[in-house]
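Each chain gets a letter, A, B and so on, in the order its sequence line appears, and its residues count up from 1.
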Amino acid sequence: MAAALTVSWSALAAWPHWLIVLILLPLGGAVLTPALYALQRRLVPWWALLVAGLTALTVLPLLWRLAHEGPFSYLPGGWARPYGVELRFDEFAALLAAAVALLAPPVLLFSRRYAARAVPAGRLPFYYTLLLLNLGGLLGLAITADLFNLFVFLEVVSLSAYALVAVGGRPVAELAAFKYLLMGAISSLLILLAVGILFALTGSLNMADVAQRLPALATPAALTLAAAALLVGFMLKAALFPLHNWLPEAHASAPGAVSAVLSGLVVKAGIIGLVRTYQLFAGVELLDTANLGAILVWLGAASVVMGSFFAVFQHDLKLMLAYSTITNIGYIVMGWALASPQAMLGASLHLFNHALIKTTLFLAAGALIYRTGLRTLEELRGIGRTMPLNCAALALGALAIVGVPPTAGFVGKWFIALGALQAGRPFFALVVVFGALLAAVYYVRIINAFYFREPEQKAVVTAREVPWSMLAPVLLLALLCLGIGLLARLPVEFLEPAVARLLDGRS
Amino acid sequence: MLPEMLLELRPNLDYAAVVVLFCIGLYAVIVKNNLIKKLLGLNIMETAVFAFIVTSGMVEGGAPPVLGPGVMPPLASPLPHALILTGIVVALATTALALALIIRIYLQHGTIEADQLRELD
Amino acid sequence: MKKPLVIALLILLALALLAAMAELPAVGQADAPVHTHVSARYIEQGEAETGAHNLVTAVLLNYRGMDTFGEVLVLFTALCAGFAVLLAAARNGNKHYRQPPAPQESGAVPVIAVSPVVSFVVRLLAPFIALFAAYVILKGHLSPGGGFQGGMILGALFIALTLVLGKQYSARLLPVAWRPWLYALAPAAFLVVGMIGLQLTGYFLGYPQEPAWHGVREAMMVTLEIAIGVGGAVLVASLFLALESD
């Protein structure tokens, strides 16, 4: 029986078109959403949930094949590389795809009741459309192996993200969305400029082909500019210090489910971009990658420290979470740039785990705002008594963001700290510990406000738990925050060869 | 150092124009106070990058990459043109959304000057 | 105070950019990698492999069809983003919504009086503009032109007609019940053509190359061109209507 199951699984996974189905499902689903709204508006949230669920299922055969065969490609149009656009499913694409698959269904389930209140009725179909476009764009960006195609999918992600920030119609959010758009557009242009330079130098757009041709070039300034433009562009997208200014307002003022997607997944697009940049330039000897790495390590460390400091002093719960995103992006970038196997492993793990934790936190915070309309810790005092389950989920998520073992946040940070020691740079292990200590401070602030203070606001006293369709995804994600830390062995074994390959300069 | 660089740049003077355009656009984005002027600056930057990529596909004395009777090689490279057609659509989309946001900001706050908006916060 | 600093920084940036640009292959040099690597194949075999005389079309719809699929998705995203930002926020008890400041003069919306000359000229030219748009869309297959360019002409025509004839007319030109389907048209056409390609060649967005199938290949590409054109026109028209609605 087990053998038969294995055989049918591998037969299923061998179907060559899963990779294209992975992006066609959410994008096609998004395209039909406005029309479905015109026909039967009540079905739209369920439709979006169905599409997200199917997309999540599609990831399974892909992961299976990746685990058994290693990275594989799909060639739309059948043109061999570098003549067409290549899609490629490698371990880093798998990380982001798995995060999207795991988080999209809970976010959309949560959205059904939440968005009905947070988003004006006329905009609702476009809220779901944009969410699906955003998720589909993220998947496309993760799996594309072509520089220009990466830019195009990045734009699908960015445009939908700008609009999603403003979809709730709060004046603050519209200003934040414009600021986000301006920064995002500049970063996209830098990336496009770099793509243009690389194209002029190599005549190719396929990442593997470009990476192969770059080492033969004798143009240090042009290569440096291309690398710098890509780095700055993706750092802006990922909101790494000192390019983080746009993030807190945008993520804090967006509707809760949107904040979850933006903070959990969309900033990771920048990280994936940084990984791709590294893969492009790893073999180039003209370029001083060690120096670039050193800059990135310090910027990552600065992000950790500054993000934590700002987070500690916030009164607004969502602003606190938004600053904590900057901290965690700092961990991930620092881990990558330390370029020791364990640090890179930790960064990859944390990319996934942070997505999970931050989604939990923002959804739980969104649920609090849904019931009370209050946003600051002072106003929310004592909410732990009236919404115990939701607050327990939030507390669990906060524990995970501090990095207490055995929660999800622990594993990644642990490996990053180990990696810093492995690289012979214990200072950065200290940064990890320091960041965790500061995170503990705001964790205590949250717990203190929720559980150890008397409720003052009427809205807090009369609050009830949110409906089950909102509470269930929050609780499920919170349990995963707790449980996934215990299952860390599996992804570690999965990612180790990928990291080793990356360090060898083979993509 | 500078004169040498300029000498080296001579065959690539077209690109120098692109650099100037890019910096003018960035200047407008950073310095201008009016949100629409910032957006115009962004559009200038976009134009610069598009011009750069299209220029890289040019061939001295080349024909457009449209085949037909009497069209002789060398032909300009079709790839940059195709890329920039997509790029233009992206720029259009970004501009449209930005203008929509500006309209909303004006409706909500009654101004689109960046410094006045900061004071309102 | 801020300006000189910005200018100084921008000059530094410009120098860095110039230094990099100086190292690129000379503009127009025929043996630059841009011309010898991937493009060479497009130029030499593009017509035989794709059936398009316009090699830009060949790259756009065939070799790099995924990019163009992404392009129509960006258009669709922009459309939805515009709606998500612009559509009335007043309903649904949104307590954050503030009434827009009332216009200074009396009369809610300033009515632009259209002179009879303008109105006449626009109406006179409309069929010719529409014909030209169709020409640009279809001719793009063979010579300069293409779906997006033609679509923009069509969209501009729609705006001109709405301004001249009023919104009642635009509802007749672009029926409300059709609109959500028209938004979806361009990406959906890519999905359908891509799937047909999958059936015929085994690759998404693949085109059959055997001589017997050339008609089908032609039809697939023309379908995409028309869909891109209509999609672009609908984007421009709908965003214009959404802007007007508030």
Peer 1: Quick check on the interface: out of C/P25, C/A32, C/A30, who has the most heavy-atom pairs with chain B under 4.5 Å?
Peer 2: C/P25
Peer 1: Taking atom NZ of C/K3 and atom CD1 of B/I30, what is their separation to the nearest 0.5 Å?
Peer 2: 13.0 Å
Peer 1: Please test C/L13 against B/V19 for side chain to side chain contact (heavy atoms under 4.5 Å, CB included), starting from the C-alpha separation and ending with a verdict.
Peer 2: CA-CA 9 Å; C/L13 174 71; B/V19 170; over 6 Å; no
Peer 1: Does the side chain of B/P65 reach to within under 4.5 Å of the side chain of C/V56, using non-hydrogen atoms?
Peer 2: yes
Peer 1: On a heavy-atom basis, which atom in C/L17 and which in B/C23 lie closest, and how many Å separate them?
Peer 2: CD1-SG, 4.5 Å
Peer 1: Can you measure from CZ (B/F22) to CE (C/M21) and round to the nearest 0.5 angstrom?
Peer 2: 8.5 Å
Peer 1: As an exercise: rank C/V74, C/L10, C/L235 by heavy-atom pairs under 4.5 Å with chain B and give me the winner.
Peer 2: C/L10
Peer 1: Please look at B/I24 and chain C and tell me whether the side chain, the backbone, both or neither of the residue comes under 4.5 angstrom of a heavy atom of that chain.
Peer 2: neither
Peer 1: Given 3.5 Å as the limit, does a donor-acceptor pair link the side chain of C/H35 with the main chain of B/P74, or not?
Peer 2: no
Peer 1: CG/C/L60 to NE2/B/H81 distance, rounded to the nearest 0.5 angstrom?
Peer 2: 12.0 Å
Peer 1: Give, as side chain, backbone, both or neither, the part of B/I103 having an atom under 4.5 angstrom from any heavy atom of chain C.
Peer 2: side chain
Peer 1: Please look at B/L83 and chain C and tell me whether the side chain, the backbone, both or neither of the residue comes under 4.5 angstrom of a heavy atom of that chain.
Peer 2: side chain
Peer 1: How far does CZ of C/F69 sit from OG1 of B/T86, to the nearest 0.5 angstrom?
Peer 2: 13.0 Å
Peer 1: Rounded to the nearest 0.5 Å, what separation is found between the CD1 atom of B/I88 and the CD atom of C/Q149?
Peer 2: 8.0 Å
Peer 1: Looking at C/I7, C/V236, C/V34, which makes the most heavy-atom pairs under 4.5 Å with chain B?
Peer 2: C/V34
Peer 1: Side-chain contact, heavy-atom cut-off 4.5 Å: B/F52 with C/L24?
Peer 2: yes
Peer 1: Taking all non-hydrogen atoms of both residues, which atom of C/E47 and which atom of B/L67 are closest, and how far apart?
Peer 2: OE1-CD1, 3.1 Å
Peer 1: Measuring heavy-atom distances to chain B, does C/V38 have an atom under 4.5 Å in its side chain, in its backbone, in both, or in neither?
Peer 2: side chain
Peer 1: Under 4.5 Å between any side-chain heavy atoms of B/V66 and C/L55, yes or no?
Peer 2: no
Peer 1: Where does B/L101 contact chain C at under 4.5 Å (heavy atoms): side chain, backbone, both or neither?
Peer 2: both
Peer 1: Rounded to the nearest 0.5 Å, what separation is found between the CG atom of C/L86 and the CG atom of B/L99?
Peer 2: 10.0 Å
Peer 1: Would you check if C/T77 and B/L97 make a side-chain contact, meaning some heavy-atom pair closer than 4.5 Å?
Peer 2: no
Peer 1: Show the nearest heavy-atom pair for residues C/S39 and B/L79, with the distance to one decimal.
Peer 2: OG-CB, 4.1 Å
Peer 1: Does any non-hydrogen side-chain atom of C/F148 lie less than 4.5 Å from one of B/L92?
Peer 2: yes
Peer 1: Run the numbers on C/V27 and B/E60 for side chain to side chain contact (heavy atoms under 4.5 Å, CB included), then give the verdict.
Peer 2: CA-CA 8 Å; C/V27 175; B/E60 198 70 57; over 6 Å; no
Peer 1: Which pair of heavy atoms, one from C/I43 and one from B/A76, lies closest together, and at what distance?
Peer 2: CD1-O, 3.8 Å
